[in-house]
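Side chains are part of it too, since the values below use all heavy atoms of this structure and drop only hydrogens, waters and symmetry mates. Remember, it's a predicted structure, so these values are computed and weren't measured experimentally. Letters A, B, ... mirror the listed sequences (proteins, then strands); counts begin at 1.
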Number of protein chains: 2
Amino acid sequence: MATNQKFNFKNYVKNTSLTVGVNPVIFSVSEDKLKVLIATFDPRIKKSLPGGAILKNENADDAANRVLKESTGLGDIFLKQFRVFSEPDRFSYSTVYNELREETYKPPEDIDIPDRVFTIGYFALVNFDTVQPTGGIINIMSEWVDIDAIPELMFDHNLIVTEALNALRKELFFEPIGYNLLPEKFTMPELQRIYEIILDKPLTRSNFQRKMLNWGIYERLEERKEGVSHKRPFLYRFNKDKYEEALKRGANFCF
Amino acid sequence: MATNQKFNFKNYVKNTSLTVGVNPVIFSVSEDKLKVLIATFDPRIKKSLPGGAILKNENADDAANRVLKESTGLGDIFLKQFRVFSEPDRFSYSTVYNELREETYKPPEDIDIPDRVFTIGYFALVNFDTVQPTGGIINIMSEWVDIDAIPELMFDHNLIVTEALNALRKELFFEPIGYNLLPEKFTMPELQRIYEIILDKPLTRSNFQRKMLNWGIYERLEERKEGVSHKRPFLYRFNKDKYEEALKRGANFCF
DNA sequence: TCTTCATTGTATCGGGATGATACAATGAAG
DNA sequence: CTTCATTGTATCATCCCGATACAATGAAGA
């Protein structure tokens with residue numbers, strides 16, 4: 001592994017708000033497992049979440065979307081801010097460059113490095129198959145890791161993952177966001193697996209299907225799923241118009 | 001009005017993270033109206049939300065609780081972080097001291113003032129009667145203002161109020177937080193008024209009462225409300241143990 | 001003292017959603 | 001042609017919700 005881009009601390013400081021960053025926890029589902037995208041900043045130190053400082057001309061959402069784009073190649077993704085992590089000692093630049101003892105990451109003496117960094121936690125839902133994990137501007141490489149096999153990460157990033165999962169579960173309970181983990185066209189059994197994997201409990205098939213259809217926000221397509229050795233399930237697609245119409249009628253999507 | 005404490009910029013800079021602050025939107029209900037605590041920083045400029053920078057040894061929640069204590073005298077209050085406000089141009093220290101043109105608020109030349117400030121939005125629920133609005137460390141004085149009579153505030157504080165109200169409504173829909181606006185002992189009709197005022201719509205009395213009692217998180221006291229010219233309603237009290245027990249059973253408190 | 005009246009606690013009733021169960025239809029594998 | 005896992009949908013008892021009704025209460029007023 002090699003840095004795909006030379007990291008220039010002076011440039012970084014000049015263009016960013018060094019004291020506030022973002023850390024999106026990017027979820028996907030593959031092989032019946034919930035996975036999180038984990039970044040390798042440098043192979044000699046602990047892995048971390050994708051993330052970065054907020055650039056001087058961006059707001060927090062812009063920064064989170066940019067980091068997402070950098071680490072997955074994707075834009076226009078479900079992304080939600082859930083909490084700020086603000087412990088005074090949660091982060092220090094010195095931790096990183098002390099471990100590395102390398103000029104590349106060591107801030108020049110004449111730059112005023114903050115002794116404290118805040119980060120805004122986001123969680124994102126992406127379709128596993130559309131992602132080609134890459135490194136961000138700083139990260140060397142990213143990889144999918146099972147949610148229950150996440151190693152010890154840098155700083156408070158393990159806490160951020162835990163809280164992101166809590167936030168995801170809460171959000172899934174109140175908003176129909178599960179489809180974001182699937183391709184555009186999906187079947188009801190596939191959607192059910194998403195719910196079961198995230199909530200970590202089995203659901204009754206017939207009742208799940210009935211509830212989803214009653215919400216009236218998924219449109220049934222003409223085609224059915226191909227290549228299955230049993231009855232071919234219908235394909236559905238999330239319909240934003242129907243969703244917003246239902247919202248206006250005062251509908252709620254509590255699970 | 002006079003400043004209750006001399007503001008010392010050098011001291012302020014020394015002890016704070018200048019680039020990240022908190023702004024709690026403090027709600028209460030009085031005379032059938034939802035009110036927000038609005039602070040006067042200086043009578044010559046626009047009013048604002050209570051708020052302040054995060055001190056060097058605090059996390060964000062600590063800072064929000066401190067500001068809350070400073071402006072209401074209250075501790076141990078319902079307080080919830082809901083969003084970060086991060087537009088690059090949302091705030092500048094120069095806006096304030098340019099409007100004032102006063103040495104007190106003008107940062108000394110030798111201090112490096114950030115050109116950008118983030119703020120973490122909180123909303124808080126307090127019982128109107130227990131609050132004696134005071135000034136914070138910087139604020140001169142605070143006052144309760146009807147939610148629909150809020151004047152033009154500093155920076156993006158009007159947006160913060162709007163978003164706080166949205167967050168409050170959403171939270172009230174999913175969690176039983178309304179009682180925080182009432183005294184410790186309250187009646188069901190009083191609780192119903194809280195819901196009606198926040199959600200801004202009338203509710204059916206009998207059904208409201210039934211739902212609240214079915215939740216099983218409010219314990220009925222022996223006493224009844226005194227001094228009413230009709231049937232004396234029962235008094236209730238939120239029971240944290242019952243609430244957590246219900247949560248464990250998987251109950252939800254969707255309204 | 002008695003009547004009035006607004007308010008409160010609770011019961012009831014029909015409609016709609018929910019959990020549990022059943023069953024016919026489907027389509028590749030053998 | 002049979003097998004078998006899976007899917008779409010129906011059914012039924014139960015629970016929750018909105019709407020309505022009614023007796024009980026207690027201060028105010030006659």
Side-chain angles (χ1 to χ4, degrees), chain A residues 32 172-176 178-179 182-183 185-197 199 201-237 246-247 249-255, chain B residues 32 172-176 178-179 182-183 185-197 199 201-237 246-247 249-255:
Chain A
D32 270 9
L172 185 67
F173 196 84
F174 297 126
E175 303 288 344
Y179 73 90
L182 292 170
K185 300 171 181 181
F186 54 86
T187 69
M188 282 301 148
E190 285 167 353
L191 187 58
Q192 183 181 339
R193 282 304 297 150
I194 295 295
Y195 276 75
E196 290 177 329
I197 289 164
L199 302 177
K201 67 174 181 184
L203 300 171
T204 306
R205 188 179 54 85
S206 58
N207 297 333
F208 178 87
Q209 182 134 334
R210 182 177 56 192
K211 181 180 289 200
M212 291 301 119
L213 297 185
N214 280 347
W215 282 353
I217 60 176
Y218 302 111
E219 60 171 324
R220 177 180 289 185
L221 305 177
E222 292 304 315
E223 353 159 37
R224 289 165 177 255
K225 182 109 178 169
E226 306 277 349
V228 288
S229 77
H230 51 74
K231 191 171 183 177
R232 288 157 60 200
F234 288 109
L235 285 169
Y236 293 84
R237 180 167 48 196
L247 269 188
R249 286 199 312 271
N252 76 66
F253 304 97
C254 292
F255 189 74
Chain B
D32 268 8
L172 185 66
F173 196 86
F174 297 126
E175 303 288 345
Y179 74 90
L182 293 169
K185 300 172 183 181
F186 54 86
T187 69
M188 281 300 147
E190 285 167 354
L191 187 60
Q192 184 180 338
R193 283 304 296 150
I194 295 295
Y195 276 74
E196 290 177 329
I197 290 165
L199 302 178
K201 68 174 181 185
L203 300 171
T204 306
R205 186 179 55 84
S206 58
N207 297 333
F208 179 87
Q209 182 134 336
R210 181 177 54 192
K211 181 182 291 200
M212 292 302 119
L213 297 186
N214 280 346
W215 281 353
I217 61 177
Y218 302 110
E219 60 171 323
R220 177 181 287 185
L221 305 177
E222 293 303 316
E223 355 158 36
R224 288 165 179 254
K225 182 110 177 168
E226 305 277 349
V228 288
S229 76
H230 52 73
K231 191 170 181 177
R232 287 157 62 199
F234 287 111
L235 285 168
Y236 292 85
R237 181 166 49 195
L247 270 189
R249 285 199 312 272
N252 75 66
F253 304 97
C254 291
F255 189 72

Assert: residue with more 5' nearest nucleotide on DNA chain C, out of A:R205 and A:V228, is A:R205

Remember a base hit wins even if backbone is also touched, and classify A:S206 as base, sugar-phosphate or nothing at under 4.0 Å, heavy atoms. base

(message) Between B:E196 and B:R193, does any side-chain N to carboxylate O distance fall below 4.0 Å?
(response) yes

With a 4.0 Å limit, can you tell me whether A:T204 has a side-chain N or O closer than that to the phosphate oxygens OP1/OP2 of C:dA20?
yes

B:F253 vs B:L247, test: side-chain contact (heavy atoms from CB on, under 4.5 Å). Steps then yes/no.
CA-CA 9 Å; B:F253 304 97; B:L247 270 189; 3.9 Å; yes

Separation of C:dT18 atom C1' from A:F253 atom CZ, nearest Å, is 18 Å

Separation of D:dA28 atom P from B:H230 atom NE2, nearest Å, is 11 Å

When rounded to whole Å, the CD to P distance for the pair B:Q192 and C:dT10 reads 15 Å

Scanning both residues in full, the closest heavy-atom pair of A:F174 with A:C254 reads CD2-SG, 3.8 Å

Discussion item. Between the base of C:dA20 and the side chain of A:N207, is there a donor and acceptor pair under 3.5 angstrom?
Written reply: yes

Between CZ of B:F255 and P of D:dC17 the distance, given in whole Å, is 10 Å

Report task. Classify the side chain of A:R232 and the base of D:dG8 as holding, or not holding, a donor-acceptor pair under 3.5 Å. Result -> no

Using only side-chain N and O atoms of B:K231, determine if any of them is under 4.0 Å from OP1 or OP2 of C:dA6.
no

* Decide yes or no for A:Y218 and A:L191: does some side-chain heavy atom of the first lie under 4.5 Å from some side-chain heavy atom of the second? => yes

Q) Within a strict 4.5 Å, meaning less than it, do heavy atoms of the A:Y179 and A:I217 side chains meet? A) no

Closest heavy-atom pair, B:V228 versus B:P233, reported as atoms and distance to 0.1 Å, is CG2-CD, 4.0 Å

Heavy atoms of B:T204 and B:Q192 approach each other most closely as C-NE2, 4.1 Å

Atom CZ of B:F208 and atom P of D:dC16 are separated, to the nearest Å, by 17 Å

Symbol by symbol from the 5' end, with Watson-Crick or G-U pairs under 3.5 Å, [ ] crossing and | another strand, DNA chain C is ||||||||||||||||||||||||||||||

Here the distance between atom C1' of D:dA10 and atom CZ of A:R210, to the nearest Å, is 10 Å

The answer to which of B:R220 and A:C254 contacts DNA chain C further toward the 5' end, by nearest nucleotide, is B:R220

Between CE of A:M212 and P of D:dT7 the distance, given in whole Å, is 16 Å

